[in-house]
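Throughout, a chain's letter reflects where its sequence line sits, starting with A, and its residues are numbered from 1.
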There are 2 protein chains.
Amino acid sequence: MDAAVDILDRRGTSGLTMRSLAEGLDVTATALYWHVNTKEDVLDLAFDHIFGEVALPEPTEWQHDVRHLMKAWRAVLLRHPWAPAWIGRPVLGPHVLARTEFLQSALSRGGLTDLHLAVTTHLLANHVIGSALTEATFRRTSDPGLRLDARRHITADPTAFPTLNASGHLDANRWNDDELFERGLDAILATTHTKNATAPHPNTSSRATH
Amino acid sequence: MDAAVDILDRRGTSGLTMRSLAEGLDVTATALYWHVNTKEDVLDLAFDHIFGEVALPEPTEWQHDVRHLMKAWRAVLLRHPWAPAWIGRPVLGPHVLARTEFLQSALSRGGLTDLHLAVTTHLLANHVIGSALTEATFRRTSDPGLRLDARRHITADPTAFPTLNASGHLDANRWNDDELFERGLDAILATTHTKNATAPHPNTSSRATH
DNA sequence: ACCTGAACACCGTTCAAGT
DNA sequence: ACCTGAACACCGTTCAAGT
């Protein structure tokens, strides 16, 4: 796993091949199939492996615990930029589950139960996943011109994108990613105070989508 | 693009090869390289292509517009289960940008500006991306036992996962994905009412992560 | 129990050549 | 301007065989 993570960090997902991993371990590529069924298994294991880096401290004040874990979670995903994109696989290894337990236990100490608890858990998970995926994408893509291209596409046609122009969307100099993440975190935690924050909107059916 | 999306829907990301796409178009695989530089280009184009399916209605009441777009966005991603995982690429085609403009314009009609506007935009985007990615993953993985395995892993050791057991985490029968998504949406929209919902927590530094 | 060697089917991509 | 054909380097994976 250390060897696999090392290759992934240095050469990305496409850089990890059964042959390159085998070389790092001084064996033949085919030898790996004794320990693993498929290449996807290697990546699944590597993903759960890096979550071991997220330390689980002694529980203290619940909001502090939630913030602490969320930031550590995010840091790990950004330290291994190949990781967020791999969430397109069911990643439910023991390390991941242990961290989820820690998070949800903090939330329930905060008084959340049932639907409210489930919604907040998902909201938090989606926030780390979504932001880490987006950021890692731009960090990983060697071509920094892509963000600039899109930004130019926006500024080039102010009448088509009035709001995006006014708000400075995709303008890297305007808002800092860390700050956007933490303010989002603040907002989610704020919904845990207001009773009935998750009460349905009058004309909203929970089945409308499908 | 229609041919590419068709293959992707039926056979997934790994099912789309330059040769299979060429076959669908009755040309040689090498012919595609006249129109496109790399296979990744094909997927980038296909991704932006399906966002054309998200209709942009006439703007009405701003909260209604936000809900409408978010649900349509989510529906598209789930209709094409290969799509969420592809967000690990910078996806900033014209269709995607037009939808983002629509969303942010609704939010600013709701009175959001500056940092508050940026935070809410990211929160909403992360919510669709995160939830669609997670759901599509389980929907796409032919093996339904994975979720069950993890669920069993939780229930098998109640002392290690007391909260996850009590809350029914990963229990598909307990909460419905559509409902979790919409309640999350409700919660995010609720933060737009409270002034200073994004005010920083006392002992929070926005630079702590790196 | 764990590893090697040879082999298979299949990739993305290049490039010279055709029309 | 657009497509073909042959070819290259490189995949993941299988399987019989070794120790």
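- Checking side-chain atoms of T28(A) against main-chain N and O of T30(A) turns up no donor-acceptor pair under 3.5 Å.
- Summarising the geometry, the separation between CG on L21(A) and P on dT13(D) is reported as 13 Å, rounded to the nearest angstrom.
- Note: H122(A) and H169(B) have tilted aromatic rings, judged against thresholds of 30 and 60 degrees for the angle between ring planes.
- With a 4.5 Å cut-off on side-chain heavy atoms, I50(A) and R79(A) do not count as touching.
- The base of dG5(D) sits within donor-acceptor range of the side chain of T30(B), with an N or O pair under 3.5 Å.
- Under a 3.5 Å cut-off, the side chain of R99(A) and the backbone N or O of W73(A) do not form any donor-acceptor pair.
- Note that CZ of R183(A) and OG1 of T120(B) are 13.0 Å apart. Values are rounded to the nearest 0.5 Å.
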Tell me, what's DNA chain C's dot-bracket, Watson-Crick or G-U with both distances under 3.5 Å, | for other-strand, [ ] crossing?
||.|||||...|||||.||
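- Using the six-membered ring where Trp is involved, F161(B) and H153(B) have ring planes that are tilted, between 30° and 60° apart.
- When the nucleotides dT4(C), dC2(D), dG5(D) are ranked by their closest atom to the side chain of W34(B), dC2(D) comes out on top.
- Between the C1' atom of dT14(C) and the CG atom of L32(B) lies a distance of 14 Å, rounded to the nearest Å.
- Defined by atom type and a distance below 3.5 Å, a donor-acceptor pair is present between the side-chain atoms of D157(A) and T159(A).
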Give me, pair by pair, the N or O atoms of the protein and of nucleotides 8-11 of chain C that are less than 3.5 Å apart, along with how far apart they are.
none

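- Side chain of R109(A) to main chain of T60(A): a donor-acceptor pair is present (N/O by atom type, distance under 3.5 Å, no hydrogens or angles).
- Contact annotation: the side chain of L124(A) never approaches that of L69(A) to less than 4.5 Å [non-hydrogen atoms, C-beta and beyond].
- Residue E23(B) qualifies as open at atom CD: its count of foreign heavy atoms under 6.0 Å is 12 or below.
- Per the geometry, OH belonging to Y33(A) stands 15 Å off C1' belonging to dT4(C), to the nearest Å.
- In this structure, the CD atom of E40(B) is 11 Å from the P atom of dG12(C), given to the nearest Å.
- A ring-centre distance under 6.0 Å is found for F181(A) and H127(A).
- The phosphate of dC3(D) has OP1 or OP2 within less than 4.0 Å of a side-chain N or O from H35(B).
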Every protein N/O within reach of nucleotides 17-19 of chain C N/O, cut-off under 3.5 Å:
none

